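Remarks on the structure that follows.
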Amino acid sequence: MRTVFHARHAWIGDGVAEDVRIEIEDGRFTAVTPGSPAEGEPLPGLVLPGLANAHSHAFHRALRGRTHSGRGSFWTWREQMYAVAATLDPDGYLTLARAVYAEMALAGITCVGEFHYLHHAPGGVRYADPNAMGAALIQAADEAGIRITLLDTLYLTGGVDGTPLEGVQKRFGDGDAAAWASRVAGLRGGSHSLIGAAIHSVRAVPADQLAELSGRGPLHVHLSEQRAENEQCRAVHGCTPTELLERHGVLGPGTTAVHATHLTDGDITLLGDSGTGVCFCPTTERDLADGIGPARRLADAHVPLSLGSDSHAVIDPFEEIRGLEMNERLASESRGHFTAASLVTAAAGHAALGWDDAGAIAPGMRADLVAISLSSVRTIGARPSQAILAATAADVTHVISGGRRIVADGVHTLVDVPRELALALAHPPVSGASGFGSPQPEEAS
């Protein structure tokens, strides 16, 4: 089926073009022609390529608005996150994740990288289908109308020193890398999904198990999010986490390091020379008081940058875009570190998730489009080329994913997002309450 759209303003290549005719057939762009007559279905405002959320933990959405006040640290917040992880079963996770992914669609996200480590039932008992939780996430993305790269995560220990998993952490573990790989082999991707891999962190994977994931792609890893991780790694291995990953062949063009907040000069060189990407999650990094990562220095080292919403303190890719630039301004006390084009490239970083044929409005690419209003109270008066620094998720009016309309006039066409979020979060497990169903595992044969 052939569809023709007309965009008054569209982000083509490195900037905004006017009066763009966009032709789509079988889910891909077949022609993109600026300076064309106003023919076809109009797309209002500024039209961007579909945006990619390169780092998500879907179940963390249950923490929004419940864990932000008071003092504490990443480590005290983590205990509240574990309380959520203790309650979910496959059915409950499907309900929650579908609502979360639909919320992403409303914000202009057409692909998500789900960093998935909530694998098993309480106590680490396997479900009858050992990939039931991952399958629920894949189904959730499909029903929300977006693509997913399921980054199935290896998580074996509770610290760099090899501390065994305990409590809810037992739900994350597979015993060793070989058992993890055997389970992951049972996952299947599809037209809307890819199966990738992740190393949770050097805290959670012993050094002698890291090589098992070398060469897998896309491969993601939490890296140096906390200073404590660096200190522990130096104490046990005599090197930084980045150096440890390099020793075991983990770095490379198919790998994305998430956060990369506390890096040495040598770490930045290793990441740049190896072609490793970095995903920043500014809204989560500020919420958890992680610190400000060296984004500009990484970009100068030719490290590809992508963006994610991680714990979903908010789901708003424009907040992540602004955070990337504004954090640099705060750290440096100077302005203008990233061009608008480089910010759009980071926000549309589908390549970090293994979708090299998405993230640009160009013939042959997957037909993902996001229209943002230029007449809201936030964007009115903004130049189209700078509107990404004024807009919020609330300004997204239309979203097309693979040629399929999934948001029209600010409303999701497939999911009643407020209702489903309300149902999924009706009994939040934070502060002792229970919810999301009662897991009833069966022993695997």
Side-chain angles (χ1 to χ4, degrees), residues 27-28 48-58 60 97 100-101 103-105 107-117 134 137-142 144-154 184 187-200 213 215-223 250-260 271 275-281 284 303-312 315 317 320-321 324 343-362 364-370 399 401-402 406:
R28 293 185 182 268
L48 300 168
L51 306 179
N53 187 345
H55 189 67
S56 162
H57 302 293
H60 291 191
V100 173
Y101 294 156
E103 182 184 358
M104 290 183 192
I109 292 162
T110 57
C111 186
V112 61
E114 183 62 37
F115 199 104
H116 168 55
Y117 53 82
L137 292 165
I138 292 172
Q139 181 180 344
D142 184 35
I146 69 173
R147 293 188 300 279
I148 186 171
T149 297
L150 187 72
L151 299 160
D152 197 287
T153 304
L154 181 62
V184 173
L187 281 165
R188 293 289 179 268
S191 60
H192 84 290
S193 58
L194 293 176
I195 307 302
I199 295 165
H200 179 272
L213 283 85
R216 289 178 179 262
L219 173 64
H220 287 214
V221 54
H222 289 134
L223 181 67
V250 173
L251 302 184
T255 299
T256 296
V258 181
H259 302 303
L271 293 170
T276 302
V278 167
C279 176
F280 282 97
C281 306
T284 289
V303 172
L305 302 183
S306 54
L307 294 169
S309 64
D310 192 358
S311 67
H312 314 311
I315 294 177
E320 310 300 345
I321 285 171
L324 193 64
L343 292 172
V344 171
T345 297
H350 297 259
L353 300 176
W355 302 90
D356 295 328
D357 58 351
I361 304 174
M365 301 292 277
R366 291 176 181 269
D368 297 346
L369 296 169
V370 176
V399 179
S401 177
I406 58 172

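Because the structure is a prediction, the values reported are computed rather than measured.
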Using the benzene-type ring in the case of Trp, are the ring centres of [X] and [Y] under 6.0 Å apart?
{"X": "H57", "Y": "H312", "answer": "no"}
{"X": "H220", "Y": "H55", "answer": "no"}
{"X": "H116", "Y": "H60", "answer": "no"}

Shortest non-hydrogen contact from [X] to [Y]?
{"X": "Y101", "Y": "E114", "value": "OH-OE1, 2.8 Å"}
{"X": "C111", "Y": "I146", "value": "N-CB, 4.4 Å"}
{"X": "I361", "Y": "L369", "value": "CD1-CD2, 3.6 Å"}
{"X": "E320", "Y": "S309", "value": "OE2-CA, 3.7 Å"}
{"X": "G50", "Y": "A348", "value": "O-CB, 3.7 Å"}
{"X": "L219", "Y": "L213", "value": "CD2-O, 3.5 Å"}

Roughly how far, to the nearest 0.5 Å, is [atom2] of [Y] from [atom1] of [X]?
{"X": "L151", "Y": "I195", "atom1": "CG", "atom2": "CD1", "answer": "9.0 Å"}
{"X": "W355", "Y": "T149", "atom1": "CH2", "atom2": "OG1", "answer": "6.0 Å"}
{"X": "H350", "Y": "T345", "atom1": "NE2", "atom2": "OG1", "answer": "11.0 Å"}
{"X": "L307", "Y": "I321", "atom1": "CG", "atom2": "CD1", "answer": "6.5 Å"}
{"X": "L251", "Y": "T256", "atom1": "CG", "atom2": "OG1", "answer": "11.0 Å"}
{"X": "H192", "Y": "I148", "atom1": "NE2", "atom2": "CD1", "answer": "6.5 Å"}

Problem set entry | Verdict with supporting geometry, V344 and L51, side-chain contact (heavy atoms from CB on, under 4.5 Å) | CA-CA 8 Å; V344 171; L51 306 179; 5.6 Å; no
Exercise. Can you tell which of N53, V258, L324 makes a side-chain contact (heavy atoms from CB on, under 4.5 Å) with C281?
Worked result: V258
Problem set entry | Check: S306 side chain, A352 main-chain N or O, donor-acceptor pair, under 3.5 Å |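 Not a single qualifying donor-acceptor pair exists.
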For this session: Indicate yes or no for a side-chain donor-acceptor contact from T110 to the backbone of D368 under 3.5 Å, with no hydrogens or angles considered.
Result: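 The answer is no, because no donor-acceptor pair under 3.5 Å joins these two groups.
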Problem set entry | Verdict with supporting geometry, R28 and M365, side-chain contact (heavy atoms from CB on, under 4.5 Å) | CA-CA 6 Å; R28 293 185 182 268; M365 301 292 277; 5.7 Å; no
Exercise. Any side-chain heavy atom of P218 within less than 4.5 Å of one from L353?
Worked result: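 Side chain of P218 against side chain of L353, heavy atoms only: no contact under 4.5 Å found.
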Exercise. Any side-chain heavy-atom pair from R188 and S193 closer than 4.5 angstrom?
Worked result: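 No, their side chains stay 4.5 Å or more apart.
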Problem set entry | Steps toward side-chain contact (heavy atoms from CB on, under 4.5 Å) verdict (T153, I199) | CA-CA 6 Å; T153 304; I199 295 165; over 6 Å; no
Exercise. Charged N to carboxylate O under 4.0 angstrom, R147 versus D142?
Worked result: no
Exercise. Looking just at side-chain N and O atoms, do D310 and H259 make a donor-acceptor pair shorter than 3.5 Å?
Worked result: yes
For this session: Using distance alone, with no hydrogens and no angle criterion, decide if T284 and S311 have a side-chain donor and acceptor under 3.5 Å apart.
Result: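 On atom types as modelled, these side chains qualify, holding a pair under 3.5 Å.
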Exercise. Does the pair V303 and T276 meet the rule for a side-chain contact (heavy atoms from CB on, under 4.5 Å), with working shown?
Worked result: CA-CA 6 Å; V303 172; T276 302; 5.9 Å; no
